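To start, the structure itself, in structure tokens.
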Amino acid sequence: MNLAEGVQIVSFGILSLMMIGGALGVVLFSNIVYSAFLLCGVFTSIAGLYLLLNADFVAAAQVLIYVGAVNVLILFAIMLVNKREDFRTIPNAWVRQVATALVCAGLFALLGTMVVSTPWAIVATTGAPAESSIVTIAKHFFTDFLLPFELASVFLLMAMVGAIVLARRDFFSDELSNKVSETPAFSLPERPRELVSAGDVSSPETK
């Protein structure tokens, strides 16, 4: 075993332990904020495994989409909503826990059987290295598919702003919403005027 292969095996073991530990923390922690941060660690560990498989674009997409978008969106949703409610006791909750444990054990046994039965032979490749997939996809994104790429970013921004408005609407009072609805568009609120009697008005000629 050469040095490069040993580094890959050690890196695979560390990333696997991080991913399994983070996934267990996501499920077992009662604090949802801690679970969201541990989910970020799970996504990052998966991106590291993709790098070990020479899947550079999939690793970059994992970090940008899942870590930088999905996980951050989950954290923003948790912090914006911030509903402090106590958990209610569910009758016969142990039935759900047992069913969840059986499903997880079945999936683990299925994946373990697949790993053991699959031949993991390493085939040596010869020839010049191909161009990176990131470079090829970037060329298509910024030449052939530039307009759909930019439109998708605008739609995602609109969805994020709409989600923030929907999450924060319970903080606005009914009176403020009625005032906003009654005020016509493109108009400024007028300054309140005080009524003055005719006897109090003094013109420059009378002085």
Side-chain angles (χ1 to χ4, degrees), residues 3-81 100 103-125 129-164 167:
L3 182 60
E5 186 177 356
V7 171
Q8 290 181 2
I9 293 175
V10 173
S11 302
F12 176 78
I14 294 174
L15 291 173
S16 301
L17 291 177
M18 288 174 56
M19 183 176 60
I20 295 173
L24 291 176
V26 171
V27 178
L28 298 178
F29 270 109
S30 59
N31 194 330
I32 192 171
V33 179
Y34 294 160
S35 299
F37 278 110
L38 287 174
L39 184 63
C40 178
V42 173
F43 289 152
T44 307
S45 302
I46 295 174
L49 293 178
Y50 286 146
L51 283 178
L52 292 179
L53 294 174
N54 294 327
D56 47 3
F57 174 74
V58 182
Q62 177 78 19
V63 174
L64 292 175
I65 297 175
Y66 285 96
V67 179
V70 175
N71 200 80
V72 173
L73 183 61
I74 292 173
L75 288 173
F76 268 93
I78 293 171
M79 295 177 181
L80 287 176
V81 174
T100 304
V103 171
C104 293
L107 290 175
F108 182 78
L110 180 62
L111 292 175
T113 305
M114 185 267 297
V115 170
V116 172
S117 60
T118 301
W120 301 98
I122 300 176
V123 179
T125 58
E131 190 178 10
S132 176
S133 58
I134 296 180
V135 177
T136 305
I137 296 174
K139 289 180 180 178
H140 288 290
F141 264 158
F142 291 99
T143 54
D144 302 330
F145 303 101
L146 178 61
L147 182 59
F149 181 71
E150 295 296 334
L151 286 177
S153 62
V154 173
F155 290 152
L156 289 175
L157 179 61
M158 293 168 59
M160 184 179 66
V161 173
I164 293 174

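The first residue of the sequence shown is numbered 1, and numbering continues consecutively from there. These figures come from a predicted structure and were not determined experimentally.
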Considering residues, nucleotides and ligands other than Ile32, do more than 12 of their heavy atoms fall under 6.0 Å from its CD1?
no

From Thr44 OG1 over to Leu39 CG, what is the distance, rounded to the nearest 0.5 angstrom?
9.5 Å

For Leu52 and Gln8, the nearest pair of non-hydrogen atoms, with its separation, is CD1-O, 4.1 Å

Quick one: do Leu53 and Leu49 satisfy side chain to side chain contact (heavy atoms under 4.5 Å, CB included)? Show the steps, please.
CA-CA 7 Å; Leu53 294 174; Leu49 293 178; 5.7 Å; no

Between Thr113 and Ser117, the two heavy atoms sitting closest are O-OG, 2.8 Å

Indicate the atoms forming the closest heavy-atom contact of Gly48 with Leu15, along with that distance.
C-CD1, 3.4 Å

Between atom CE of Met18 and atom CD1 of Ile20, what is the distance when rounded to the nearest 0.5 Å?
12.0 Å

CE (Met19) and CG (Leu24) are apart, to the nearest 0.5 Å, by 10.5 Å

NE2 on His140 to CG on Asp144, rounded to 0.5 Å:
6.0 Å

Considering non-hydrogen atoms only, spot the tightest contact between Gly25 and Ser35 and give its length.
O-OG, 4.0 Å

Enumerate, atom names and distances included, each donor-acceptor pair closer than 3.5 Å involving a side-chain atom of residues 148-164, sequence neighbours excluded.
residue, atom, partner, partner atom, Å
Ser153, OG, Glu150, O, 2.5

Atom of Leu38, atom of Gly22 and distance for their closest heavy-atom approach
CB-O, 3.8 Å

For the residue pair Ala23 and Val42, what are the closest heavy atoms and their distance?
N-CG2, 3.3 Å

Parallel, tilted or perpendicular: ring planes of Tyr66 versus Phe43, cut at 30 and 60 degrees
tilted

